[in-house]
Number of protein chains: 2
Amino acid sequence: MNTVNAIETNDVRGNILANGQRIMAAKGFSAVGLNEILTASGVPKGSFYHYFGSKDAFGEALLEAYFEDYLAELDAILSAPGLTMAQRLINYWQNWQDSQSFCDCQGKCLAVKLGAEVADLSEAMRLALKRGTAGITGRLAHAIEAGMAEGSLSVAGSPHDIAESLYQLWLGASVMVKISRNTQPFGTAMLATRQILQLSP
Amino acid sequence: MNTVNAIETNDVRGNILANGQRIMAAKGFSAVGLNEILTASGVPKGSFYHYFGSKDAFGEALLEAYFEDYLAELDAILSAPGLTMAQRLINYWQNWQDSQSFCDCQGKCLAVKLGAEVADLSEAMRLALKRGTAGITGRLAHAIEAGMAEGSLSVAGSPHDIAESLYQLWLGASVMVKISRNTQPFGTAMLATRQILQLSP
DNA sequence: ATAGTTATAGACGACCGGTCTAATCAGTGT
DNA sequence: ACACTGATTAGACCGGTCGTCTATAACTAT
């Protein structure tokens, strides 16, 4: 017990998580076997249960690692210097659009890909998703509030409700992009977003 | 070849589809084996491949049957007598809300449950989803147009764009309901919907 | 009744899933 | 150099997967 949490993100563990994130963002949770992730990581099958208690626990860790990075990037976008809050928010959604348009519209957002599939499957993963998405909408709500204070945008209703509706909108738009294999849904989502934030189209 | 499409919806075939719909709406596509559906239907395994070519083809038939019923119900709601178009549209989303709040928020909408999971997995199922959702947004767009014509609502932008954004919003709200196990996201989605349709909250 | 088609029945194969135990490795203190 | 300890790996294990295949049953039509 000399290294309680010394190098918490062990090289191997982090590698498995990174590969799992990439592969499951493309194929889903149930459709992917541990074998695929482990061979892609160059890690033997037997090692898995040394790092994770089960596939469920692995999924939970996966989501937690994902949201940690995601929220860090969101924080960076929402505190970019020299911009109004309205511009920062638009940049966030612009960034969303870009990160979901890769390679046959497969995208890499785990909330989009795994949300509906996993919420009814694993309580641990559901709660990880709940924490992560709550972190996102909370930050968006603060940003909207700040934008109202500085006068760069205005909304009808509570900032938190608006933040949640906008997140729902973009979540749904991402699903539609997957279904239609076309980024056009992001266009209409952006129009609706600008309308709700009362920005010029 | 005496019964080309005589009793198209054979009792057995329809039974398999109905049970598959129920089970997959709860557990997803990849996580459910044919065995579970067939034993639930009281149909032996061997019969399956008489009615469906593969699990993929079954999924496609499942989605087609689902959207057929869905669109019929949507048509009924959007032509209910003695109501304005605005009221009919609100009824549609009220109905959506009710049909997704059952039993631990598992819902029964296959577009919500299977959309993200299946779009990257099977081209046939993806196209079935695309056709079905296009049917929904198309009807919503017409309804919005009619509502504008009769003066019961008004929107900023093209009715079709608005219809798509509203559908995206409710799709995302349904995912969030699954994640949070709470119907509150439907509340904010309804607020945003009324705002976009410029109806009194 | 009989021939021919349609549907049911379920065993079977090849494979892959997650899980667990036993062996191996690496590193430390002496 | 060596035993000891914990971290890591290897692979067996059992159950379930989809899909196939043959044999039987139920109809239909002549």
Side-chain angles (χ1 to χ4, degrees), chain A residues 1-21 23-24 26-63 114 117-118 120-125, chain B residues 1-21 23-24 26-63 114 117-118 120-125:
Chain A
M1 200 66 92
N2 47 352
T3 56
V4 176
N5 57 358
I7 305 169
E8 167 74 32
T9 310
N10 194 324
D11 213 17
V12 176
R13 195 185 125 102
N15 194 10
I16 301 176
L17 282 173
N19 281 80
Q21 197 168 303
I23 295 173
M24 283 182 168
K27 302 195 187 181
F29 184 76
S30 298
V32 173
L34 298 180
N35 256 327
E36 184 174 355
I37 295 171
L38 291 170
T39 59
S41 311
V43 172
K45 192 173 185 177
S47 292
F48 181 81
Y49 281 81
H50 175 67
Y51 295 102
F52 306 98
S54 66
K55 196 189 182 188
D56 250 36
F58 172 68
E60 188 187 1
L62 194 79
L63 289 169
L114 302 183
E117 178 187 359
V118 146
D120 306 317
L121 202 69
S122 152
E123 187 69 1
M125 293 182 76
Chain B
M1 200 69 89
N2 47 353
T3 56
V4 175
N5 57 358
I7 305 169
E8 168 73 33
T9 310
N10 193 324
D11 214 16
V12 175
R13 195 185 125 102
N15 193 9
I16 301 176
L17 282 172
N19 280 311
Q21 197 168 304
I23 294 173
M24 284 182 168
K27 301 194 185 181
F29 183 76
S30 298
V32 173
L34 299 180
N35 256 328
E36 184 174 355
I37 295 170
L38 292 170
T39 59
S41 310
V43 172
K45 197 175 197 172
S47 291
F48 180 83
Y49 283 83
H50 176 69
Y51 294 102
F52 307 99
S54 66
K55 197 189 181 187
D56 248 38
F58 172 67
E60 189 187 359
L62 195 79
L63 289 169
L114 301 184
E117 178 187 358
V118 146
D120 305 318
L121 202 70
S122 151
E123 188 68 1
M125 292 182 77

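Note on naming: letters A, B, ... go to the chains in the order of the sequence lines (proteins, then strands), and numbering restarts at 1 for each one.
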(request) May I have the distance from A:L121 (atom CG) to C:dG18 (atom C1'), rounded to whole angstrom? (result) 14 Å
(message) Output the rounded distance in Å from CG (A:L34) to C1' (C:dG18).
(response) 6 Å
(request) Would you kindly give the CG-to-P distance between A:D56 and C:dG17, to the nearest whole Å? (result) 17 Å
(message) Counting only side-chain nitrogens and oxygens, does A:S47 get under 4.0 Å of the OP1 or OP2 atom of D:dT9?
(response) yes
(request) List the atom of A:N15, the atom of A:S41, and the distance in Å for their closest heavy-atom pair. (result) ND2-O, 3.3 Å
(request) Return the value, rounded to whole Å, for the distance between atom CZ of B:F48 and atom P of D:dG19. (result) 8 Å
(message) Whole angstroms only, please: what is the CZ-P distance between B:R13 and C:dA7?
(response) 12 Å
(request) Looking only at non-hydrogen atoms, find the nearest pair between A:I37 and A:I16 and report the distance. (result) CG2-O, 3.8 Å
(request) Take atom CD of A:E36 and atom C1' of C:dG18, then tell me their distance rounded to the nearest Å. (result) 15 Å
(message) Between C1' on D:dC18 and CZ on B:F29, what's the gap in Å once rounded to a whole number?
(response) 11 Å
(message) Does a side-chain N or O of A:N35 approach OP1 or OP2 of C:dG18 to a distance below 4.0 Å, or not?
(response) no
(message) Check the phosphate of C:dA7 against B:Y49, side-chain N and O only, distance under 4.0 Å to OP1 or OP2. Yes or no?
(response) no
(message) How close do A:M125 and A:V118 get, counting heavy atoms only, and between which atoms?
(response) CB-CG1, 3.2 Å
(message) Strictly below 4.0 Å: does B:H50 bring a side-chain N or O up to OP1 or OP2 of C:dA7?
(response) yes
(message) For a quick test of reading the model, state the closest non-hydrogen atom pair linking A:V32 to A:E36 and the distance between them.
(response) CG1-OE1, 4.1 Å
(message) Is it the case that the base of D:dG19 and the side chain of B:K45 share a donor-acceptor contact (distance under 3.5 Å, atom types as modelled)?
(response) yes
(message) On DNA chain C, compare the nucleotides closest to A:S30 and A:G46; which residue's is nearer the 5' end?
(response) A:S30
(message) I need the minimum non-hydrogen distance between A:Q21 and A:L62, along with the two atoms involved.
(response) N-CD1, 3.4 Å
(message) Between C1' on C:dA7 and CG on B:D11, what's the gap in Å once rounded to a whole number?
(response) 13 Å
